[in-house]
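Please read all numbers here as calculations on a predicted model, not as lab measurements.
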Protein chains: 2
Amino acid sequence: MKIGELAKRSGCSIQTIRYYEKEGLISAPARTDGNFRVYDTPALEKLAFIKNCRALDLTLDEIKQLMALQHLPGTPCEKVNDMIDAHLKIVESRITDLQKLHADLKVLRQKCGHARPIEQCGILDELSPKSHSRN
Amino acid sequence: MKIGELAKRSGCSIQTIRYYEKEGLISAPARTDGNFRVYDTPALEKLAFIKNCRALDLTLDEIKQLMALQHLPGTPCEKVNDMIDAHLKIVESRITDLQKLHADLKVLRQKCGHARPIEQCGILDELSPKSHSRN
DNA sequence: TTACACTCTATAGTTACTATAGAGTCAAGT
DNA sequence: ACTTGACTCTATAGTAACTATAGAGTGTAA
Ligand SMILES: [Zn+2]
Ligand SMILES: [Zn+2]
Ligand SMILES: [Zn+2]
Ligand SMILES: [Zn+2]
């Protein structure tokens, strides 16, 4: 199949597929006489693997590492488990950060009801260090 | 004061300050004969305002809009409130997404105990559409 | 043959910075 | 007067993972 069909079937855009090739996540496919890329089913499967990983927010580098490990049979899979564990921690700390941010924004939002003239906006006042220290 | 002192006092890096100037968030300051930037206290206050906003993850564009509104006295401050409300929604949906991601990662992690040979790694198996559909 | 859909490469843009390189400024010490 | 050192200047490239475009070529059907 050509790149357009692969894009439709995989759910990746054409540019993304070419980008993955350039970054070494998928291997360069065969070409037609007219220099068009031609893909086989394994290529589609690789893209599906990448998509699954990206859905979990693994970086392209991490995905590359996973694919490299797959081609070293016999290796213990500790590295895979460690990667997922590390990832879990990052996600957890991002959630914590965002929850703090959310609380801060809620507090800020309550500084202003609505439709005051801008000079008296409680939000802007809260954000300004100058008028703030004066109160 | 020169840029180094402003950087220390504001907690922004020198490059960040120059970047903010280039992006129009702060106005270009006076220069010495030797072409060094010279700042006054209001400049420090503007940086503090920007820092407060960035801590809430407002984009530079949004911050620019807020600053523009500050210089239009008499305007009702609805736009400020709307911006914060919109921001709250984005943060909320990011949290939801991350929580889903976290749950997915947890499930994935449990597919593998530890230290199996890589061919039998439950995580890699789960990520691979091919071997997956075979089972 | 000409219209059309498709593909090719190369390049720039996105966000908010960070990190150089290479040159100039300025005050203090010798 | 000279040198050292700390500071500053501009311009440019890099970050992550794409997305979007320009301009050219390919392939097929009417
Ligand atoms: Zn990770
Ligand atoms: Zn308000
Ligand atoms: Zn926003
Ligand atoms: Zn495993």
Peer 1: According to side-chain hydrogen bond (donor to acceptor under 3.5 Å, both in side chains), who are the partners of Asp57(A), at least two apart in sequence or on a separate chain?
Peer 2: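 Expected list: Arg94(A).
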Peer 1: Among residues 82-94 of chain B, which residues get a heavy atom nearer than 4.0 Å to DNA chain C?
Peer 2: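 Correct list: empty, so none.
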Peer 1: Quick one: Glu5(A) CD to dT7(C) P, roughly how many Å, whole number?
Peer 2: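 Those two atoms, CD and P, are 9 Å apart.
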Peer 1: Rounded to the nearest Å, what distance is computed from the NZ atom of residue Lys51(B) to the C1' atom of nucleotide dA16(C)?
Peer 2: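 Distance, rounded to whole Å: 14 Å.
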Peer 1: Indicate every side-chain donor-acceptor pair of residues 67-80 of chain A with a distance under 3.5 Å to a residue at least two apart or in another chain.
Peer 2:
residue  : atom : partner   : partner atom : Å
Gln70(A) : NE2  : Ser128(B) : OG           : 3.4
His71(A) : ND1  : Met67(A)  : O            : 3.1
Thr75(A) : OG1  : Leu72(A)  : O            : 2.4

Peer 1: Write down the distance between NZ (Lys8(A)) and P (dA5(C)), rounded to a whole number of angstrom.
Peer 2: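 In whole Å, dA5(C) P and Lys8(A) NZ are 12 Å from each other.
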Peer 1: Report for the helix from dT1(C)-dA30(D) to dT30(C)-dA1(D): angle between first-end and last-end helix axes, five pairs each, rounded to 10 degrees.
Peer 2: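 Angle reported: 40°, given to the nearest ten degrees.
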Peer 1: Could you state the atom-to-atom distance from CZ of Arg31(A) to P of dC6(C) in whole Å?
Peer 2: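 Rounded to whole Å, this separation is 19 Å.
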Peer 1: State which residues pass side-chain hydrogen bond (donor to acceptor under 3.5 Å, both in side chains) with Glu92(B); sequence neighbours excluded, sorted by chain then number.
Peer 2: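 With sequence neighbours excluded, Glu92(B) shows a side-chain hydrogen bond (donor to acceptor under 3.5 Å, both in side chains) to His102(A), given in chain and number order.
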Peer 1: When rounded to the nearest 0.5 angstrom, what distance separates CZ in Arg37(A) from NZ in Lys2(A)?
Peer 2: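 Reported to 0.5 Å precision, the distance equals 13.0 Å.
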Peer 1: Hey, could you give me the CG/CG distance between Asn52(B) and Leu66(B), rounded to the nearest 0.5 Å?
Peer 2: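 Those atoms lie 11.5 Å apart.
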Peer 1: Can a side chain N or O of Arg37(A) be found less than 4.0 Å away from OP1 or OP2 on dC8(C)?
Peer 2: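 Affirmative; the distance criterion is met.
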Peer 1: What is the distance from atom CG of Leu47(A) to atom OG of Ser10(A), rounded to the nearest 0.5 Å?
Peer 2: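 One gets 4.5 Å once the value is rounded to the nearest 0.5 Å.
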Peer 1: Assign a letter to each nucleotide of nucleotides 14-30 of chain D from its 5' end: B, base within under 4.0 Å of a protein heavy atom; S, sugar-phosphate only; -, no contact.
Peer 2: ---BBBB----BSS---
